[in-house]
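For reference, the structure is listed below as structure tokens.
Values reported hereafter were calculated over all heavy atoms of this structure, with side chains retained and with hydrogens, waters and symmetry mates removed. To find a chain, count down the sequence lines: A is the first, B the second, and so on, and within it residues start at 1.
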Amino acid sequence: MIELYPAGKRYTVKNDWLESNLGFSFGEYYDSSNIQFGPLRVFNDDTVQAGKGFGIHPHREAEIVSIVLKGQLKHEDNLGNAGIISRGNIQRISAGTGVLHSEFNASNQEEVQFLQLWFLPNEKKLIPSYEDISYDIEQLHNHLLPVISRTGSDRVAKIHQDLTLYLSKLEDKKTLNFRQEAGRKIYVFNIEGEISINKDSILKSRDAARITDTHEITIHGNQDSFFLLIDLPGGEF
Amino acid sequence: MLMIRHSIGSRLLCQTNIYTIEKKDHHWLISLPVDVETASGILNFQDELNIFEVKENEKIWYYSSDAQINFQSKEKQLMILADHKTVYPTQ
């Protein structure tokens, strides 16, 4: 089954420095029918104005992934990590028993757009850790490029959950196939352009699809597109 | 001031100036009077609570990793046994 979640139906939080479009219940937005999809618990599509950001705040028991789409995001934490990530980088924080961090737009000129995903970890009370990687943008073309996985590897961030997150830039009229083990789930988020899944399910910019009981899909570029796909474990979370 | 927030998105569940925090070996017993409705809202998220004691220049973050939280309905008193404490500056 492929369930579509149009961009326009997401809950939006907006103030003078932040626009956050929420894929799942988060903060003031609480919908008991939209808590999570497998271990995927948060999917925030954020735009932060120049020079603004989130001051020091804590996290625990979450695997937090940030994917910058535009601009620069500055990170600092109490583990001693500090740096700036931009398009082509992936940041993974394992909050575990607790981490304090801040996130600011590193630019005083332009906004930063980024996706922030939180996954439930496969183990509680982990030692907090941080990683950022650079993926090869050239490898995205008409290819599902893994950028996060349970095992991690060169240019693939390691996450404490049985999942793989892929990014892809699919050209107009090109097609990709994806197959996973039975019993698992697929989450697709179309970042830019328009794609169709198994012909009939069309995702425009920022639309999402939650896929269960369908373990082989064909993704077609209806125009030049940029999307992410997550191969998620099945079962109860 | 004491604030109890949901750990996913920081939704405020309770805010009060009437509370006590008592050190108990490696734990901290946080007690505060709450009404039944507020207690229910907090207990719904007992595995996902962050407790903040907010002072002038610092915040103190507590949580109970095993959700040791109890509401004494007769006394209308909420008791949280926290096993984690971190102090950090507000700026």
Side-chain angles (χ1 to χ4, degrees), chain A residues 10-13 15 18 20-32 34-36 39-46 53-64 76-79 93 95-104 116-121 123-128 237, chain B residues 1-15 19 21 23 25-30 34 37-69 80-91:
Chain A
R10 296 177 298 178
Y11 187 92
T12 300
V13 175
N15 57 38
L18 170 70
S20 191
N21 291 286
L22 312 177
F24 297 92
S25 293
F26 186 88
E28 67 183 60
Y29 164 55
Y30 183 73
D31 176 352
S32 60
N34 189 29
I35 301 291
Q36 64 197 81
L40 177 57
R41 177 62 185 83
V42 170
F43 196 113
N44 292 354
D45 180 1
D46 289 348
F54 304 91
I56 303 169
H57 60 281
H59 293 294
R60 64 183 179 96
E61 304 299 357
E63 299 288 299
I64 301 171
E76 283 184 39
D77 65 41
N78 66 338
L79 307 175
I93 299 170
T97 55
V99 63
L100 295 166
H101 83 142
S102 63
E103 295 163 296
F104 278 87
Q116 190 163 88
L117 291 63
W118 297 17
F119 299 92
L120 304 178
E123 190 179 338
K124 284 202 159 189
K125 301 183 182 178
L126 290 165
I127 296 168
F237 285 90
Chain B
M1 181 172 59
L2 192 80
M3 297 170 130
I4 301 177
R5 292 182 177 273
H6 190 210
S7 63
I8 300 174
S10 212
R11 181 156 57 105
L12 184 64
L13 301 170
C14 178
Q15 179 176 321
Y19 63 94
I21 299 176
K23 182 87 166 68
D25 296 325
H26 299 294
H27 293 73
W28 295 267
L29 181 63
I30 302 165
V34 293
E37 187 182 357
T38 303
S40 174
I42 293 169
L43 290 168
N44 281 342
F45 301 103
Q46 60 182 350
D47 289 316
E48 299 174 333
L49 298 175
N50 286 331
I51 301 106
F52 298 96
E53 187 180 20
V54 183
K55 297 188 174 178
E56 190 173 344
N57 296 312
E58 66 182 22
K59 278 187 180 177
I60 306 165
W61 172 38
Y62 297 93
Y63 70 80
S64 176
S65 56
D66 296 314
Q68 294 192 65
I69 178 166
I80 301 169
L81 190 62
D83 58 354
H84 177 97
K85 175 184 176 181
T86 299
V87 181
Y88 64 99
T90 49
Q91 296 300 316

Is it the side chain or the backbone of B:N44 that comes within 4.5 Å of chain A heavy atoms, both, or neither?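 Neither part.
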salt_bridge(A:K125, B:D66) N-O dist < 4.0 Å: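 Looking at A:K125 and B:D66, the cut-off is met.
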Is A:Y30 in contact with chain B via its backbone, its side chain, both, or neither, using a 4.5 Å heavy-atom distance?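 The side chain, not the backbone.
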Against chain B, label A:T97 side chain, backbone, both or neither, depending on which of its atoms sit under 4.5 Å from a heavy atom there.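 For A:T97, the contact with chain B is made by backbone and side chain together.
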Minimum heavy-atom separation for [X] and [Y], please, with both atom names.
X: B:W61; Y: A:H59; answer: CH2-O, 3.5 Å
X: B:R11; Y: A:E28; answer: CD-CA, 3.8 Å
X: A:G98; Y: B:Y63; answer: N-OH, 4.3 Å

Go through A:R60, A:K124, A:H57 and name the one with the most non-hydrogen pairs under 4.5 angstrom from chain B.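 Result: the option with the highest number of such pairs is A:R60.
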What pairs with A:D45 under salt bridge (Lys or Arg N to Asp or Glu O under 4.0 Å), at least two apart in sequence or on another chain?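 Expected list: A:R10, A:R206.
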A:E76: partners by salt bridge (Lys or Arg N to Asp or Glu O under 4.0 Å), with sequence neighbours left out: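 Listed in chain order: A:K74.
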Less than 4.5 Å apart, any side-chain heavy atom of A:N78 and any of B:Y88?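 The answer is no; the side chains never approach within 4.5 Å.
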Interatomic spacing from CH2 in A:W118 to CD1 in B:I8 - rounded to 0.5 Å: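 Output value for this atom pair is 6.5 Å.
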